[in-house]
Amino acid sequence: MEFITDITPQEHDEFVKAHPLCNLLQSSRWAQVKDNWDHAIVGVKENGKLLASALVLIKRLPLSLSVFYTPRGPIMDYENDVLVQFFFDHMKKYARKQHAVYLTMDPAIHCNDYLITEVNENRYELSHQVIHRLRQVNARFKGFTTAIDETIQPRYHANVYACENFKEQLPKSAKKALHITEKKFLEVEYCDDKAVEDFAAIMRHTEERKSIALRDEDYFRKLMETYQEDAIIVLVWVPLKKLYEDSKQRLFNTQDALSKCPENAKKKRFTLEEQLASYTRETKELQEHIQEYGDRVIGAGALCVKYGETAELLYAGMDDTYKRYMAPYLSFYSCMKWSFDHGCTSCNMGGIEGDFKGGLTKFKANFHPIINEYIGEFEIPYRKLLYRMAMKVLAQRKKG
């Protein structure tokens with residue numbers, strides 16, 4: 001075996017895409033997205049055949065020091081003790097040449113998989129073996145964390161897998177929501193990088209609603225330009241004019257029905273009066289929105305990237321004004337459909353909290369996902385004193 005420090009992007013991607021641990025964050029093009037880091041692709045070959053490979057992001061620090069991070073890597077057979085030992089022995093030598101203080105890694109190893117409705121805490125025996133194996137190469141395991149902010153990448157992900165008649169397999173709640181999007185004439189548009197400005201605008205609605213800071217337009221553009229035909233922006237349009245005409249017709253029909261309803265039919269009159277008030281209010285709102293925005297407006301959007309047979313729904317947002325039209329359900333479903341139509345076996349909706357609480361988790365649960373619980377995060381110190389100092393600084397920053 002030999003340790004190679006300049007694996008080509010093409011060779012790396014061919015290896016990763018064919019590997020069970022395939023993950024978008026290990027794609028060679030991810031380094032172009034994270035261009036504020038330096039990077040290297042290192043690996044192990046035996047008789048010219050690649051056995052292990054890792055995209056390593058390198059953060060340069062003062063005094064010629066650096067920090068290594070290999071997101072969802074390295075990619076290798078962790079049951080091969082000799083390979084694991086060889087890789088990390090030589091990674092240590094390479095890291096020291098690069099003056100690395102430590103390496104952070106979070107391999108794409110599942111320690112558990114289960115339906116979100118059938119949560120269990122059993123973990124695969126392999127995960128315990130891997131933890132033991134990595135500890136033997138001086139890796140420090142951060143534990144089976146549950147909070148989403150305890151690790152760089154979330155440990156819990158909600159993943160939807162391809163199957164026959166996918167839409168028919170969805171839970172009633174998702175089917176009902178998608179039925180509402182059909183009744184309300186919502187329109188799906190699959191877009192390239194020309195839609196980045198519109199997508200960034202819908203993401204700002206999400207930032208304002210949740211009082212959080214997400215990525216900006218430049219970052220979304222970088223993603224789309226980097227992955228090109230392997231990336232898609234899904235926009236869900238709310239057809240204001242069409243909805244206005246429909247609401248106006250419903251209002252007219254309700255007024256007519258109410259005028260013909262006998263005075264003694266109190267229950268029926270009460271229902272019609274409620275409908276009348278609702279259609280009157282909706283018609284007025286839609287008319288105002290048409291005057292401000294035009295005939296249609298974006299209700300929700302999502303950005304999805306495929307890599308190998310996997311797809312990642314990286315970002316999604318919505319305009320809360322139109323939440324009753326269920327636009328986010330259509331944007332998520334459309335990303336899944338696009339992924340499966342393009343040969344993917346899964347579409348990852350992204351990270352969730354390990355306690356399975358919160359509105360985002362409840363929303364994702366409507367698609368009946370499998371929870372992929374990843375093994376977690378490890379750190380390998382190469383300069384122990386500096387590593388301890390760095391950990392103290394990071395802990396203080398996090399606390400602040």
Side-chain angles (χ1 to χ4, degrees), residues 16-27 72 108-124 126-127 153-183 186-190 227 229-236 300-316 326-354 356 360-375:
V16 176
K17 286 180 179 180
H19 201 280
L21 300 183
C22 175
N23 191 280
L24 175 69
L25 303 192
Q26 270 296 300
S27 67
R72 293 299 185 222
I109 297 169
H110 296 189
C111 66
N112 206 346
D113 300 283
Y114 41 78
L115 288 170
I116 197 167
T117 54
E118 300 174 357
V119 175
N120 71 73
E121 296 189 3
N122 298 321
R123 295 193 173 95
Y124 301 136
L126 173 63
S127 61
Q153 304 299 332
R155 257 200 355 105
Y156 296 82
H157 281 252
N159 208 347
V160 177
Y161 289 81
C163 62
E164 284 190 36
N165 303 317
F166 166 66
K167 191 174 182 180
E168 295 303 314
Q169 304 301 321
L170 291 173
K172 289 182 180 179
S173 55
K175 288 180 183 176
K176 183 179 178 181
L178 291 173
H179 181 63
I180 290 172
T181 67
E182 293 175 5
K183 284 177 62 179
L186 268 57
E187 303 161 2
V188 177
E189 184 178 4
Y190 294 93
Y227 287 98
E229 70 279 357
D230 289 331
I232 195 78
I233 287 176
V234 171
L235 297 179
V236 177
L303 192 158
C304 188
V305 179
K306 70 179 289 287
Y307 180 66
E309 294 185 354
T310 67
E312 302 279 342
L313 203 164
L314 294 176
Y315 295 97
M326 303 296 175
Y329 284 87
L330 189 53
S331 65
F332 271 65
Y333 168 75
S334 299
C335 281
M336 294 168 193
K337 186 176 185 304
W338 176 83
S339 302
F340 301 152
D341 287 347
H342 285 76
C344 294
T345 58
S346 64
C347 180
N348 186 358
M349 293 187 286
I352 60 173
E353 295 283 2
F356 307 104
L360 185 59
T361 300
K362 290 178 182 177
F363 170 76
K364 291 177 180 180
N366 286 295
F367 293 93
H368 203 47
I370 298 290
I371 300 304
N372 298 148
E373 183 184 341
Y374 286 86
I375 193 169

Subject >> Donor-acceptor under 3.5 Å (S339 side chain, C344 main chain) >> reply: no

**OP:** Classify the angle between the aromatic ring planes of F367 and F363 as parallel (below 30°), tilted (30 to 60°) or perpendicular (above 60°).
**Re:** perpendicular

**OP:** Answer yes or no: are there more than 12 heavy-atom neighbours, outside Q153 itself, under 6.0 Å from its atom CD?
**Re:** yes

Subject >> Distance (rounded to the nearest 0.5 Å) between F332 CZ and L178 CG >> reply: 12.5 Å

Original post:
Which distance, rounded to the nearest 0.5 Å, do you find between the CD1 of I233 and the OH of Y190?
Top reply: 13.5 Å

**OP:** Name all residues meeting the salt bridge (Lys or Arg N to Asp or Glu O under 4.0 Å) criterion together with E121; count only those two or more places apart in sequence or in a different chain, and write none if there are none.
**Re:** none

**OP:** Could you check if a side-chain atom of E373 sits within less than 4.5 angstrom of a side-chain atom of R123, using non-hydrogen atoms only?
**Re:** yes

**OP:** Identify, with sequence neighbours excluded, every residue that meets side-chain contact (heavy atoms from CB on, under 4.5 Å) alongside E164.
**Re:** none

**OP:** Could I get the full list of side-chain contact (heavy atoms from CB on, under 4.5 Å) partners for A231, not counting sequence neighbours?
**Re:** M224, Y227, V305

Subject >> Over all atoms of both residues, closest heavy-atom pair of C335 and V234 >> reply: SG-CG2, 3.8 Å

Subject >> Main-chain N/O of G351 paired to K364 side chain as donor or acceptor, under 3.5 Å >> reply: yes

**OP:** Please list, chain by chain and in numerical order, all residues satisfying side-chain contact (heavy atoms from CB on, under 4.5 Å) with N159, sequence neighbours excluded.
**Re:** Y161, S346, N348, N372

Original post:
When you look at NZ of K362, are more than 12 heavy atoms from neighbouring residues, nucleotides or ligands closer to it than 6.0 Å?
Top reply: no

**OP:** Could you please spell out the steps behind the side chain to side chain contact (heavy atoms under 4.5 Å, CB included) verdict for V119 and I371?
**Re:** CA-CA 8 Å; V119 175; I371 300 304; 5.8 Å; no

Original post:
Between Q169 and C163, which heavy-atom pair has the shortest distance, and what is it?
Top reply: CG-SG, 3.6 Å

Subject >> Set of ring-ring contact (aromatic ring centres under 6.0 Å, His included) partners for Y307, sequence neighbours left out >> reply: none

Original post:
Closest approach of M326 and A177, non-hydrogen atoms and distance?
Top reply: CB-O, 3.7 Å

Subject >> Non-neighbouring partners of E187 that pass salt bridge (Lys or Arg N to Asp or Glu O under 4.0 Å), sequence neighbours left out >> reply: R296

Original post:
Could you go step by step and tell me if I370 and L115 meet the side chain to side chain contact (heavy atoms under 4.5 Å, CB included) rule?
Top reply: CA-CA 5 Å; I370 298 290; L115 288 170; 3.4 Å; yes

Original post:
Do the non-hydrogen side-chain atoms of I232 and L303 ever get within less than 4.5 Å of each other?
Top reply: no

Subject >> L170 and Y333, any side-chain heavy atoms less than 4.5 Å apart >> reply: yes

**OP:** List in chain and number order the residues that pass salt bridge (Lys or Arg N to Asp or Glu O under 4.0 Å) with E312, two or more places apart in sequence or in another chain; answer none if no residue qualifies.
**Re:** none

**OP:** Please name the pair of heavy atoms, one in I375 and one in S127, separated by the smallest distance, quoted to 0.1 Å.
**Re:** CD1-O, 3.5 Å

Subject >> Atom NE2 of H368: over 12 foreign heavy atoms under 6.0 Å >> reply: no

Original post:
Excluding sequence neighbours, so at least two apart, what forms side-chain hydrogen bond (donor to acceptor under 3.5 Å, both in side chains) with N122?
Top reply: none

**OP:** Test K337 against F166 for side chain to side chain contact (heavy atoms under 4.5 Å, CB included), laying out the working first.
**Re:** CA-CA 8 Å; K337 186 176 185 304; F166 166 66; 5.9 Å; no

Subject >> Point-to-point distance, once rounded to the nearest 0.5 Å, from CD1 of I352 to CG of L360 >> reply: 8.5 Å

**OP:** Identify, with sequence neighbours excluded, every residue that meets ring-ring contact (aromatic ring centres under 6.0 Å, His included) alongside Y124.
**Re:** none

Subject >> Closest approach of L313 to A316 (non-hydrogen atoms, all atoms of both residues) >> reply: CD2-CB, 4.0 Å

Original post:
Atom CD of E182 and atom CG of L330: how far apart are they, to the nearest 0.5 Å?
Top reply: 8.5 Å

**OP:** Could you pull out all residues at least two apart from E189 that satisfy side-chain hydrogen bond (donor to acceptor under 3.5 Å, both in side chains)?
**Re:** W237

Original post:
Out of P171, S173, P328, which residue meets the side-chain contact (heavy atoms from CB on, under 4.5 Å) rule with N366?
Top reply: S173

Original post:
To the nearest 0.5 Å, how far apart are CG in D113 and CG in N120?
Top reply: 9.5 Å

Subject >> Nearest-0.5 Å distance, CG of residue N112 to OH of residue Y156 >> reply: 8.5 Å

Subject >> For K175, all residues meeting salt bridge (Lys or Arg N to Asp or Glu O under 4.0 Å), sequence neighbours excluded >> reply: none

Subject >> Under the side-chain contact (heavy atoms from CB on, under 4.5 Å) test, residues paired with A108 that sit two or more places apart >> reply: L21, N23, R72, Y374

